[in-house]
**Q** 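Below you will find the structure I want to go over with you.
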Amino acid sequence: MADKLTPRSENFSEWYNQLVLKAELADYAPVRGCMVVRPYGWALWENIKEALDKRFKETGHVNAAFPLFIPMSFLEKEKQHVEGFSPELAVVTHGGGKDLEEPLVVRPTSETIIGYMYSKWIKSYRDLPVLINQWGNVVRWELRTRMFLRTLEFYWQEGHTAHATEEEAREETLRMLDVYADFAINEAAVPVIKGIKSESEKFAGAVMSTTIEAMMGDTKALQSGTSHFLGQNFAKAFDIQYLDENNTLQYAWTTSWGLSTRFIGAIIMTHGDDQGLILPPRLAPIQVVIVPIFRKEAEKAAVMEAVDRVHAELKAAGVRVKVDDRDNVTPGFKFNDWELRGVPLRVEIGPKDVQKNSVALARRDMPGRAGKSFVPQEGIAATVQQMLDTIHDNLLARATAFRDSHIFDPQDYAELQETLKEGWAFSWWCGSAECEAKVKEDTKATTRCIPFEQPEGSGKCIVCGREAQQKVYFARAY
RNA sequence: CGGGGUGUGGCGCAGUUGGCAGCGCACCGCGUUUGGGACGCGGGGGUCGUCGGUUCAAGUCCGACCACCCCGACCA
């Protein structure tokens, strides 16, 4: 169950794969490219869902559920959309033992079917805005798959909104990107950069795509959430029209935004170390594990009394806590086991602690002796909660420092190529697709985003040397 | 779809010249252990990826197929 994990520094990719399996987040399914999300992984996803859902509700959104099957013809109504998605569609041609009249696409995303419904529901400016989110699964027939990062089927949330004006829809797009960034930073301790996708990187059918980009432990970039301004593209394709105050027929303006189980990959690759997973305290399914330690039966009663008392106290304070009372493995084994699983804080209670009315605390973000401290049982709940916050802050600070120390400002194209082997480049870019394509061809790195935060002035494009008005992040990406 | 690799108890693997299918881990039982991955003894578990061929005899040789993993072109 818990034999040695390949060190992260030795082989990042192998480390990731082993970790997902050993920490029991997920397992391979009998179908290529599909995964089973195991209870521990799903509990993590449930906490992600909860944190996001709360934010969606606070910003006025409601949940609904749209069907898994979409008529093939719907996908074809928006030109860019069908071009973008047709290579990766799963199509159902049979049902109930018969050929279907029209093939059904297993949704790769739901803009089309939701657009169709919105055209039925929206008649007047009084019906707007429509702010609906859906939690569900989608299928994209990817060629190359990896657990959580890219699987044929994945779980996500997709928000779909319709507005009376362009301005309002653009505001919504940015508002939800802010929600994602707030979630990533304050719940997952994953630092992200907000920005706009280039034309070649944007969502099929969008006018503008925005993204939060995070740097993984191997310095590759991961798009961790996206929010799209769809203009009137889908409104025109699906005839989403309303009468305005002046009794004039207008097309609505729509947005969509999504964050998927891929984010679990972001958490793993941002925080994990050679010992295994490190889960951010606010999302961890188990925030604190209590390991009882005793030699003889005589010691057991006193130790367990203290364990039960601390357990009850933490539970009452709302801490997600588990007592590891397995009697077939040693405490040493348990330490390693829970470290592998990324539990942020461990409480050890043994005979010495019973004597001194103390417990040993071991924080996961600081392995070994450095992360151990001995604290009184008195006021344990407050101590633990404070420690969980400290761990969150430390994880965020550490990840931010790592990222910032791997973002470079190359001075010429040769330097850019070198830079992209060991981090990101933040460079002036003229905006042309040719320059973007050249970098991709030479380095495999793509533009990740044009960040909202831009320096003053202008510069020369790192590729072609022409005048450039904006800086962009180049990086190898997942 | 191109390149590489692997299919043998749950997992990781060994299996020589074709001749009784093995080892480690995990699992079950008992006992001793328990503050950083415990130990002893005793157990259970396999139509060797599939199909076909060669042979007295195939995990092993030959052929075909299938699956999965890794690396590339596309993507949340």
Side-chain angles (χ1 to χ4, degrees), chain A residues 1-5 11 13-14 16-18 21-22 27-34 83-89 108-109 137-158 180 197 200-204 206 209 211-214 221-228 256-266 275-276 291-297 299-300 303 324-340 346-356 358-360 362 367-369 371-372 374 440-441 444 446 477-478:
Chain A
M1 184 199 318
D3 48 350
K4 287 288 185 295
L5 179 69
N11 185 343
S13 166
E14 189 57 29
Y16 177 87
N17 290 338
Q18 287 182 9
L21 295 174
K22 287 180 196 289
D27 201 354
Y28 290 105
V31 178
R32 179 197 73 86
C34 292
E83 277 179 19
F85 281 106
S86 59
E88 52 189 49
L89 293 178
T109 180
N137 55 339
V138 288
V139 169
R140 298 181 187 177
W141 213 264
E142 302 290 349
L143 301 178
R144 206 152 135 36
T145 59
R146 287 193 78 190
M147 290 218 265
F148 292 115
L149 300 175
R150 190 174 301 106
T151 45
L152 296 199
E153 179 187 14
F154 59 89
Y155 301 87
W156 75 343
Q157 118 327 276
E158 48 178 326
Y180 288 152
K197 283 287 183 189
S200 64
E201 293 285 326
K202 78 179 184 189
F203 176 73
S209 286
T211 175
I212 51 171
E213 295 286 326
L222 184 76
Q223 176 176 317
S224 306
T226 49
S227 182
H228 313 291
S256 67
W257 26 276
L259 186 146
S260 74
T261 38
R262 169 180 254 200
F263 199 89
I264 291 176
Q275 307 304 312
V291 178
I293 297 156
F294 48 83
R295 273 174 233 276
K296 314 173 194 67
E297 279 303 300
E299 290 172 344
K300 183 175 177 180
V303 166
D324 187 352
D325 57 3
R326 285 178 290 179
D327 58 4
N328 57 336
V329 288
T330 62
F333 181 91
K334 292 178 184 177
F335 297 168
N336 287 283
D337 196 33
W338 292 110
E339 281 170 11
L340 176 75
R346 181 175 69 239
V347 173
E348 304 167 18
I349 301 178
K352 293 177 209 163
D353 301 296
V354 170
Q355 287 233 325
K356 291 187 280 187
S358 65
V359 303
R369 269 158 251 88
K372 277 209 188 188
F374 300 88
K440 187 172 181 181
E441 199 179 311
K444 304 207 189 308
T446 50
Y478 279 100

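Throughout, a chain's letter reflects where its sequence line sits, starting with A, and its residues are numbered from 1. Remember, predicted model here, so these are calculated numbers, not experimental data.
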**Q** For B:rU60 versus B:rG52, give the span between their P atoms, rounded off to a whole number of Å.
**A** 14 Å
**Q** If I pick the P atom on B:rC41 and the same atom on B:rG4, what distance separates them, to the nearest angstrom?
**A** 47 Å
**Q** Can you check the distance between B:rG15 and B:rU8, where both ends of the measurement are the C1' atom (answer in whole Å)?
**A** 9 Å
**Q** I'd like the C1' distance from B:rA14 over to B:rA73, given in whole Å.
**A** 38 Å
**Q** Given B:rA76, B:rG35, B:rG36, identify the nucleotide with an atom nearest to the side chain of A:Asn336.
**A**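 My answer, after comparing the listed nucleotides, is B:rG36.
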**Q** Considering Watson-Crick and G-U wobble pairs with both distances under 3.5 Å, what does B:rA57 pair with?
**A**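 Base-paired to nothing in any strand shown.
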**Q** Rounded to whole angstrom, note down the P distance from B:rC48 over to B:rA21.
**A** 11 Å
**Q** At less than 3.5 Å, do the side-chain atoms of A:Arg346 and the base atoms of B:rG36 form a donor-acceptor pair?
**A**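 Check passes, donor-acceptor contact within cut-off.
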**Q** Between the base of B:rG37 and the side chain of A:Asp337, is there a donor-acceptor distance below 3.5 Å?
**A** no
**Q** What is the separation between atom CZ on A:Arg326 and atom P on B:rG37, rounded to the nearest whole Å?
**A** 15 Å
**Q** Taking only side-chain nitrogens and oxygens of A:Arg144, does any of them come within less than 4.0 Å of OP1 or OP2 of B:rC74?
**A** no
**Q** What about A:Lys372: does its side chain form a donor-acceptor pair under 3.5 Å with the base of B:rG35?
**A** no
**Q** When we call it a touch if two heavy atoms are under 4.0 Å apart, what does A:Gly258 touch: a base, just sugar-phosphate, or nothing?
**A** nothing
**Q** Between B:rC71 atom C1' and A:Arg146 atom CZ, what is the distance in whole Å?
**A**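 In whole Å, B:rC71 C1' and A:Arg146 CZ are 12 Å from each other.
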**Q** For the residue pair A:Gly84 and A:Ala204, what are the closest heavy atoms and their distance?
**A** CA-CB, 3.8 Å
**Q** Is A:Tyr28 touching bases, backbone alone, or none of the nucleic acid, heavy atoms closer than 4.0 Å?
**A** sugar-phosphate
**Q** Quick check for you: to the nearest 0.5 Å, what is the distance between A:Thr226 atom OG1 and A:Tyr180 atom OH?
**A**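 Atom-to-atom, A:Thr226:OG1 and A:Tyr180:OH are 6.5 Å apart.
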**Q** On the ring face of A:Phe335, is A:Arg346 found with NZ or CZ under 6.0 Å from the centre and within 45° of the axis?
**A**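 Verdict for A:Phe335: a cation-pi partner in A:Arg346.
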**Q** Tell me which of A:Lys352 and A:Ser13 sits closer to the 5' end of RNA chain B, going by the nucleotide each one is nearest to.
**A**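 On the 5' side of the pair lies A:Lys352.
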**Q** Would A:Arg326 and A:Asp337 pass as an ion pair if we require N to O under 4.0 Å?
**A**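 Here A:Arg326 pairs with A:Asp337 in a salt bridge, since their nearest N and O are under 4.0 Å apart.
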**Q** How would you label the contact of A:Glu142 with the nucleic acid (heavy atoms, under 4.0 Å): base, sugar-phosphate, or nothing?
**A**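 Base, at least one base atom sits under 4.0 Å.
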**Q** Under 3.5 Å for both donor-acceptor distances, Watson-Crick or wobble: does B:rG40 have a partner, and if so which one?
**A** B:rC30
**Q** Give, for atom OG1 of A:Thr151 and atom CZ of A:Arg146, the distance between the pair rounded to the nearest 0.5 Å.
**A** 12.0 Å
**Q** Looking only at the side chain of A:Arg140 (C-beta and beyond, no hydrogens), which of the listed nucleotides B:rG36, B:rA76, B:rU34 gets closest?
**A** B:rA76
**Q** Can you tell me how far CD of A:Gln18 sits from OG of A:Ser13, rounded to the nearest 0.5 angstrom?
**A**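 Result: 10.0 Å between the selected atoms.
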**Q** Pick the C1' atom in B:rG59 and in B:rC70, then give their distance to the nearest Å.
**A** 25 Å
**Q** Quantified in whole Å, what is the P atom distance between nucleotide B:rU54 and nucleotide B:rC62?
**A**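 The answer is 15 Å between these two P atoms.
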**Q** Can you tell me how far P in B:rC39 sits from the matching atom in B:rU34, rounded to whole Å?
**A** 13 Å
**Q** Between B:rG36, B:rG35, B:rC74, which one does the side chain of A:Glu339 approach most closely?
**A**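 The answer is B:rG36, which lies nearest to the side chain.
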**Q** Write down the distance between CG (A:Leu143) and P (B:rG72), rounded to a whole number of angstrom.
**A** 13 Å
**Q** With a 3.5 angstrom cut-off on both distances, give the Watson-Crick or G-U wobble partner of B:rG18, or none if there isn't one.
**A**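 In the structure as shown, B:rG18 has no Watson-Crick or wobble partner.
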**Q** Taking only the side-chain nitrogens and oxygens of A:Lys444, find out if one of them lies under 4.0 Å from OP1 or OP2 of B:rA73.
**A**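 Answer is yes, contact under 4.0 Å.
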**Q** So which atom in A:Leu340 and which in A:Lys22 form the shortest heavy-atom distance, rounded to 0.1 Å?
**A** CD2-O, 3.6 Å
**Q** If you look at every strand shown and take non-hydrogen atoms under 4.0 Å, does A:Thr151 touch a base, only sugar-phosphate, or nothing?
**A**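 It contacts base atoms.
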**Q** Mind listing the closest non-hydrogen atom pair of A:Leu152 and A:Cys34 along with its distance?
**A** CB-SG, 4.0 Å
**Q** ring-ring contact (aromatic ring centres under 6.0 Å, His included) with A:Tyr478: which residues, sequence neighbours excluded?
**A** none
**Q** Can you check whether A:Thr226 has a side-chain N or O nearer than 4.0 Å to OP1 or OP2 of B:rA76?
**A**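 Negative; the distance criterion is not met.
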**Q** Test salt bridge (Lys or Arg N to Asp or Glu O under 4.0 Å) on A:Glu299 and A:Lys352; report intermediate values, then the result.
**A** CA-CA 10 Å; A:Glu299 290 172 344; A:Lys352 293 177 209 163; over 6 Å; no
**Q** Please report the distance, rounded to the nearest Å, between CG in A:Asp327 and P in B:rA38.
**A**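 After rounding, the gap between these two atoms is 14 Å.
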**Q** In whole angstroms, how far is the P atom of B:rC69 from the CG atom of A:Leu21?
**A**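 It works out to 11 Å between those atoms.
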**Q** So what does A:Ser224 touch, heavy atoms closer than 4.0 Å: a base, only the sugar-phosphate, or nothing?
**A** nothing
**Q** How would you label the contact of A:Asn17 with the nucleic acid (heavy atoms, under 4.0 Å): base, sugar-phosphate, or nothing?
**A** sugar-phosphate
**Q** For the pair made of CD1 in A:Ile212 and P in B:rA76, what is the distance, rounded to whole Å?
**A** 14 Å
**Q** Which sits closer to the 5' end of RNA chain B, A:Gln275 or A:Gln223, going by the nucleotide each is nearest to?
**A**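 Its nearest nucleotide being more 5', the pick is A:Gln275.
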**Q** For A:Leu149, which contact category applies under a 4.0 Å heavy-atom criterion: base, sugar-phosphate, or nothing?
**A**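 Base contact.
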**Q** Which one is paired to B:rG63, where only Watson-Crick or G-U wobble pairs with both distances under 3.5 angstrom count?
**A** B:rC51
**Q** Applying a 4.0 Å non-hydrogen cut-off, can you work out what A:Glu14 is touching in the nucleic acid: base, sugar-phosphate, or nothing?
**A**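 The residue A:Glu14 makes no contact with any strand.
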**Q** Specify the separation, in whole Å, of atom CZ of A:Arg369 and atom P of B:rG36.
**A** 10 Å
**Q** Please round to the nearest 0.5 Å and tell me the distance separating atom OH of A:Tyr155 and atom CG of A:Leu259.
**A** 16.0 Å
**Q** What protein N or O atoms touch nucleotides 2-8 of chain B N or O atoms at under 3.5 angstrom, if any, and at what distances?
**A**
none

**Q** Using whole Å, report how far NZ of A:Lys22 lies from P of B:rG10.
**A** 18 Å
